[in-house]
Amino acid sequence: MVLTVLAWAGSWIAMKMVVPYIGPFDFVVLRYVCGGAVLLVLALAMRRPLSMPSWWATVLVGLTQTAAFQGMVQMALVHGGVGKISLMAYTMPFWVVLFGWILLRERPGPRHWLGMGLAAVGLLCVIAPWKPIGDTISVLLGLVAGMFWGLGTVLAKRGFNRHQPDIIVFTGWQMFIGGVAMAPVALAVPQIAIVWNLPLLLGMAYIILIASAAGWLLWLIVVRRVPASVAGMSSLGTPVIAALLAWLIFDERPAPLEGLGMVLILCGLVVVARAAGRPSPRPLTAS
């Protein structure tokens with residue numbers, strides 16, 4: 001998980017750097033088709049079968065955790081800052097709690113509700129609906145991205161529990177499917193023309209090989225081995241490191257109210273993390 005956090009924190013900087021040279025949907029297609037292909041080739045080299053015990057589960061994870069999540073993030077980064085958008089995307093643990101309640105029958109406890117209440121106040125400070133709508137839209141896109149990531153995480157956990165797929169093959173296919181699913185959108189929506197230059201090539205190399213192929217494989221290994229809520233909470237170092245790097249590299253200094261909002265969201269995440277570490281309540285039973 002430590003390696004995942006470091007790889008993904010760097011990916012937020014790389015994504016912001018390549019935004020001027022490639023459209024958001026072209027980026028998603030290139031990132032995940034290539035990243036998924038790398039893992040599938042690796043699986044072939046290791047002589048692992050490429051069949052999946054449940055194609056439906058793989059497709060659903062690819063559409064939510066890969067296509068919808070990354071598409072929303074890239075659109076948000078076109079107009080918003082790295083620190084703020086990454087923090088919005090990392091509201092994912094709260095969505096994991098909610099979707100886990102619905103799909104995995106894990107009832108949230110009082111600590112979960114307290115943490116989500118703190119985060120709600122923090123979100124209000126960060127979104128600042130009284131400010132120009134452009135910034136609000138980018139923040140909301142990041143928030144919706146976190147929702148799709150949370151849904152994809154719960155769907156992946158349910159798939160691991162039911163079907164126990166090969167982790168490399170599953171990660172490769174869900175990334176590849178998510179990238180292919182975004183291809184029609186990339187063709188239909190007007191975007192800037194791709195500018196092939198050294199910054200784009202270096203940024204995409206890091207994103208495809210480190211953040212995508214290695215990072216998502218490590219992430220799904222964590223998801224498979226621990227409860228979904230714990231996996232979500234263990235990724236919280238990423239937005240903190242990403243925000244610090246954005247401050248150092250892009251001089252994205254948060255305003256006082258935004259800083260307060262970020263602190264409240266992180267406090268809420270810590271509260272939920274402590275709740276995730278406590279014994280789980282009894283599952284809901286059918287009435």
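Hydrogens, waters and symmetry mates are skipped; everything else that's a heavy atom, side chains included, is used.
- Between Gly71 and Met182, the shortest heavy-atom distance links the atoms CA-CE, 4.3 Å.
- Using a 4.5 Å heavy-atom threshold, the side chains of Leu220 and Gln65 count as touching.
- With sequence neighbours left out, the side chain to side chain contact (heavy atoms under 4.5 Å, CB included) criterion links Ala186 to Phe25, Asp26, Val29, Gln191.
- For Phe148, the CZ atom is loosely surrounded, since the number of other residues' heavy atoms within 6.0 Å does not exceed 12.
- How far CD1 of Ile22 is from CD1 of Ile194: 4.5 Å, rounded to the nearest 0.5 Å.
- Between Arg224 and Pro165, the closest heavy-atom pair is NH1-O, 4.2 Å.
- Between Ile208 and Leu30, the shortest heavy-atom contact is CD1-O, 4.0 Å.
- In this structure the side chain of Met147 reaches within 4.5 angstrom of the side chain of Phe99, judged on heavy atoms.
- Distance CD1/Ile249 to CD1/Ile13: 4.5 Å, rounded to 0.5 Å.
- Scored by the side chain to side chain contact (heavy atoms under 4.5 Å, CB included) test, Pro199 finds Tyr21, Asn197 as partners (sequence neighbours excluded).
- The minimum heavy-atom distance between Gly100 and Val154, with the atom names listed, is N-CG2, 3.8 Å.
- Shown here for Val33 and Phe176, the closest heavy-atom pair between the two residues is O-CD1, 3.6 Å.
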Extract all donor-acceptor atom pairs below 3.5 Å that involve side chains of residues 39-55 and protein atoms in other chains or at least two apart in sequence.
from  : atom 1 : to     : atom 2 : distance (Å)
Arg48 : NH1    : Asp166 : OD1    : 3.4
Arg48 : NH1    : Asp166 : OD2    : 3.1
Ser54 : OG     : Ala57  : N      : 3.3

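- In this structure, Trp149 and Trp8 have perpendicular ring planes: the angle between them is above 60°, well past the 30° mark.
- Residues Phe69 and Met92 are not in side-chain contact: their nearest non-hydrogen atoms beyond the backbone lie 4.5 Å or more apart.
- Side-chain contact check for Thr4 versus Trp216: every heavy-atom pair is 4.5 Å or farther apart.
- To the nearest 0.5 Å, the span separating OG on Ser138 from CE on Met72 amounts to 13.5 Å.
- Here the CG atom belonging to Leu155 is positioned 6.0 Å from the CG atom belonging to Leu60, to the nearest 0.5 angstrom.
- The shortest distance between side-chain heavy atoms of Trp95 and Leu151 does not fall below 4.5 Å.
- Residues Val180 and Leu187 fall into different hydrophobic clusters, defined by Ile, Leu, Val, Met, Phe, Trp and Tyr side chains chained together at heavy-atom separations under 4.5 Å.
- At least one side-chain heavy atom of Gln70 sits under 4.5 Å from a side-chain heavy atom of Phe27.
- A continuous path of Ile, Leu, Val, Met, Phe, Trp and Tyr side chains, each step under 4.5 Å between heavy atoms, connects Leu201 with Leu209, placing both in one hydrophobic cluster.
- Each of Leu63 and Trp56 belongs to its own hydrophobic cluster when Ile, Leu, Val, Met, Phe, Trp and Tyr are linked at side-chain heavy-atom distances under 4.5 angstrom.
- The cluster map of Ile, Leu, Val, Met, Phe, Trp and Tyr, joined by side-chain heavy atoms under 4.5 Å apart, puts Ile221 and Phe160 in the same cluster.
- A heavy-atom distance below 4.5 Å is not found between the side chains of Val195 and Leu200.
- Between Leu198 and Leu202, the closest side-chain pair of non-hydrogen atoms falls below 4.5 Å.
- Taken together through direct or relayed side-chain contacts under 4.5 Å among Ile, Leu, Val, Met, Phe, Trp and Tyr, Met75 and Val73 form part of one hydrophobic cluster.
- When all heavy atoms of Ser11 and Tyr206 are compared, the pair lying nearest together is N-CE2, 3.6 Å.
- Once rounded to the nearest 0.5 Å, the distance linking CZ of Arg158 with NE2 of His163 reads 8.0 Å.
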